[in-house]
Amino acid sequence: MRSYLAILWQEFVLFKRKFRSITLGAMISPVLYLIAFGWGLGGGMTVGGQNYLQFVIPGIVALTTMMVSFSTVGNAVNLSRIYDKTFEEFMVAPVTMTVYAAGKISAGALRGFYSGVLILLISLLFPAGLKINGFFLLILMLNCLVFAALGFTAGVLIDSHADMAKFTNFVITPMAFLCGTFFPLEKMPWLLKGFIGLLPLTHTSQGLRNSGGDLRMLGLNVVVLALYFVVLFVVGVRTCTKAETIG
Amino acid sequence: MLIIEDLKKTYGKVTAVAGLSLAIRRGEFFGLLGPNGAGKSTTVRMLSTLTPPSSGSVSIAGRRLDRNLTDIKRTIGVVPQHNNLDGEMTAWENLELHGRLFGLGKEERRGRIKELLIFTELEERAHDLVRTFSGGMKRKLMIARALMHRPVVLLLDEPTVGLDPAVRRKMWDLLKTLKAEGLTVLLTTHYIEEAEILCDRVALMHEGVLIELDTPLNLIAKSGTIVLEYFTQGVTMSEFFATREEALSRAASLEGSVNIRPANLEDVFIRLTKRRVSE
C-alpha cells in the first residue's frame with residue numbers, strides 16, 4: 001500500500017507542477033469539438049429526437065477521457081522505460097509490478113477523470129440538458145481505467161515512441177470517431193456495427209447517454225467495461241513483469 | 001557478502017556474461033574492469049535485479065536473488081551508468097520518492113534526505129528541478145538516492161563516466177568516504193586509475209569471462225613492475241620486467257628511443273586483454 005501511495009504521490013507532484021499546461025491541454029480539443037460539432041455543425045440538428053448537442057457531449061466526454069487516460073499512462077510508461085529510464089527506479093525498489101501497474105493506471109485514470117470533469121464544466125455553457133448521476137460517473141471512471149490500463153500495456157509492450165504513435169493512429173483514433181461518439185450507429189453496415197459494438201468506447205458512449213434510462217443496457221455497459229479493465233490490467237502486469245528496460 | 005556462481009546471460013546467440021564466479025567480502029571496495037562489451041554492465045544489471053540471469057546463482061548478504069527478490073532489493077543500492085532521475089522533480093522529491101518506495105517513515109525520510117544532501121553537497125539545490133543540474137550533480141544525487149534506504153551493498157556502474165577530471169576527483173572523495181564507512185561496494189569502470197585508487201581488489205573481464213582477479217598491486221607484480229616501451233614498425237610495443245636492471249639490459253639491445261617506467265594497472269589490463277584477443 002505504501003508503494004502504491006508513493007506512486008500516486010509522485011504523479012500528484014508532477015500534476016501540481018504542470019497544472020496549468022495539463023488543464024489547458026485537456027480543454028483545447030473538447031472546446032474545439034464542442035464549437036465545431038455543437039454550435040457549428042449541430043446547431044438546430046436533432047438525433048433520435050434529441051438535440052445534437054445533448055447527443056454529442058457524452059461522446060466528446062468519452063473520447064477525451066479515453067485519449068487523456070491512454071496517452072498519460074502510455075507515453076509516460078513508454079518514455080520512462082525507453083528514454084529517461086525512470087522505470088528502473090521502480091524496478092530496483094521493493095515494488096511488485098502489480099502495485100506499479102495499479103499506481104500508474106490509477107493516476108492516469110484520475111487524470112482522465114479530471115479532463116472529463118473539465119468538459120462537463122465547459123458544457124454548462126452549452127444548453128444541452130445533460131443528466132449526470134452516479135451511473136454517469138461510474139461509466140466515466142471505468143472508461144478512464146480501461147484506457148489507462150490499455151495505455152500501460154502498450155507503454156510496456158511497445159519498444160519505441162514512434163510505434164506508440166502508430167498504435168494511437170491504428171487503435172485509438174479510429175475508436176474515437178467510430179464508437180458512437182459523433183453519430184449514432186444505427187445506419188452503419190451490420191458487420192461493422194457488430195464489430196464496433198464490441199469495442200469499449202462504444203459502451204462508454206452508450207452508457208453516458210443512457211445514464212438516466214435503461215438499467216439492463218447500463219448494466220451491460222458496466223460489465224463490458226469492467227471486463228475490459230480486468231483483462232487489460234492482467235495483461236499489463238504480466239507484460240510488465242517480463243519487461244526489461246532497454247539499456 | 002556477495003557471492004556469484006557461474007552467472008550467465010545470453011541474448012539469443014550472443015553471450016554477454018559466460019559463467020562468472022566471484023565472491024566479494026563485507027566492507028570490500030571491489031572493481032569490475034573490462035573494455036566495452038566485456039559484460040560488466042550486464043553483470044551489474046543482473047545483480048541490480050534489472051535483468052534476469054540466464055543461469056547461475058547470486059546471493060547477497062545471505063539472500064538468494066532467485067528466491068528473495070524483495071529482500072535483495074532492500075539490501076542493495078544501485079547507481080546505474082545513465083541518469084535515471086526524474087528531471088521534472090526536485091532533488092528532494094527524487095529522494096523522497098525513493099524513501100517512500102522503500103517504506104521509510106516520514107521523519108526518517110526527512111532526516112535521511114537532509115543528511116544525504118549535505119553529504120553530497122547538494123543541500124543548496126535541494127528544491128531545484130533535477131533537469132537544471134550538471135552531470136556531476138546528477139551523479140552525486142544518484143549516489144545519494146541509492147544510499148537513502150541504507151543498503152549493505154552499493155552497486156556503481158561507471159559512476160564517473162562523462163565527468164570532467166575535477167568533478168571525477170570530487171566523486172572519488174565521495175566514494176572514498178563510503179569506503180571508509182565500511183560499505184561493501186561493487187564498482188565497474190573504464191578508468192583504470194579510478195580502480196587503482198579506490199578498489200581493494202579488481203576483477204578483469206573480457207568478452208563475458210573473468211580473466212584475472214587480485215589486488216591492484218598483486219596484478220601489477222604478477223605482470224612485472226617495470227614496463228619498457230618502444231616504437232617499432234608503426235606500433236608501440238610494451239614489455240614487462242621484474243626489475244629496472246632487466247629492462248635496461250633489454251633496452252640496450254634495441255634501436256631508437258625507449259621509455260622505461262613503473263607499470264600500472266592499465267598496462268596489466270591492456271596486456272591481459274590483448275593477450276586474450278590474440279589467443
Side-chain angles (χ1 to χ4, degrees), chain A residues 1-22 25 72 75-104 106-107 111 156 159 237-247, chain B residues 9 11 16 41-42 44-53 68-90 92-106 109 127 129-131 138 141-142 145-146 148-149 151 154-155 157-158:
Chain A
M1 191 62 185
R2 274 186 171 187
S3 308
Y4 174 74
L5 292 175
I7 295 167
L8 288 187
W9 172 83
Q10 182 203 20
E11 295 293 333
F12 183 62
V13 166
L14 296 172
F15 176 77
K16 271 197 305 183
R17 184 147 297 135
K18 296 178 182 173
F19 176 76
R20 266 194 227 165
S21 63
I22 286 172
T72 299
N75 290 336
V77 170
N78 195 253
L79 286 171
S80 77
R81 200 168 65 81
I82 295 165
Y83 295 101
D84 61 32
K85 311 279 184 188
T86 47
F87 181 58
E88 288 180 358
E89 168 68 351
F90 298 96
M91 285 193 85
V92 299
V95 178
T96 64
M97 284 302 123
T98 307
V99 170
Y100 176 71
K104 289 288 172 188
S106 306
R111 277 272 294 275
V156 169
D159 278 342
V237 171
R238 286 185 157 220
T239 315
C240 191
T241 308
K242 289 179 194 162
E244 291 178 31
T245 50
I246 298 170
Chain B
K9 181 68 187 178
Y11 295 98
S41 291
T42 306
V44 170
R45 286 178 69 79
M46 285 190 278
L47 301 180
S48 311
T49 75
L50 288 170
T51 298
N68 313 86
L69 196 61
T70 308
D71 284 345
I72 290 262
K73 286 176 174 183
R74 290 187 191 283
T75 311
I76 56 172
V78 182
V79 181
Q81 194 177 131
H82 47 263
N83 165 33
N84 68 352
L85 297 159
D86 194 323
E88 295 305 317
M89 291 167 79
T90 65
W92 183 288
E93 287 164 351
N94 269 281
L95 296 179
E96 168 114 28
L97 174 65
H98 188 92
R100 284 174 181 256
L101 289 172
F102 278 80
L104 269 59
K106 190 177 176 182
R109 231 166 36 223
H127 300 291
L129 292 182
V130 166
R131 68 175 152 84
K138 284 178 187 163
L141 185 60
M142 280 161 69
R145 186 182 61 178
M148 253 312 270
H149 58 287
L154 186 65
L155 305 171
D157 191 9
E158 308 265 6

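FYI, side chains are in, hydrogens and waters are out, and symmetry mates aren't considered; it's all heavy atoms of this structure. Remember, it's a predicted structure, so these values are computed and weren't measured experimentally.
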Partner chain A: residue of B:R145, B:Q81, B:R100 with the largest heavy-atom pair count (under 4.5 Å) | B:R100
Only one of A:V13, A:T86, A:L14 passes side-chain contact (heavy atoms from CB on, under 4.5 Å) with B:E88; say which it is.
-> A:L14
Residues passing the side chain to side chain contact (heavy atoms under 4.5 Å, CB included) test with A:Y4, sequence neighbours excluded, are A:M1, A:L8, A:V99, A:A102, A:S106
Should B:T90 and A:R17 count as side-chain neighbours, where that means a heavy-atom distance under 4.5 Å?
-> yes
Heavy-atom distances under 4.5 Å only: say whether B:L47 touches chain A with side chain, backbone, both or neither.
-> neither
Can you see which heavy atom on A:P94 is nearest to which on B:F102, and at what distance?
-> CD-CE2, 3.3 Å
Checking side chain to side chain contact (heavy atoms under 4.5 Å, CB included) for the pair B:D86/A:Q10: CA distance, chi angles, key distance, verdict?
-> CA-CA 10 Å; B:D86 194 323; A:Q10 182 203 20; 3.2 Å; yes
Quick one: what part of B:H149 sits under 4.5 Å from any heavy atom of chain A, side chain, backbone, both or neither?
-> neither
Side chains of A:F90 and B:L97: closer than 4.5 Å at any heavy-atom pair?
-> yes
For residues B:L50 and A:E88, determine if any side-chain heavy atom of one lies less than 4.5 Å from a side-chain heavy atom of the other.
-> yes
Matching residue for A:V92 among B:V78, B:N84, B:I76, B:L155 - test: side-chain contact (heavy atoms from CB on, under 4.5 Å) | B:V78
Value for CG (B:L85) from CG (A:D84), rounded to nearest 0.5 Å, stands at 10.0 Å
For A:W9, ring pair (Phe, Tyr, Trp, His ring centres under 6.0 Å) partners two or more places apart | none
Honestly, the part of B:D71 sitting under 4.5 Å from a heavy atom of chain A is neither
A:V95 portion near chain B, given a 4.5 angstrom heavy-atom threshold = both
Side-chain heavy-atom pair B:T49, A:M91 within 4.5 angstrom cut-off | no
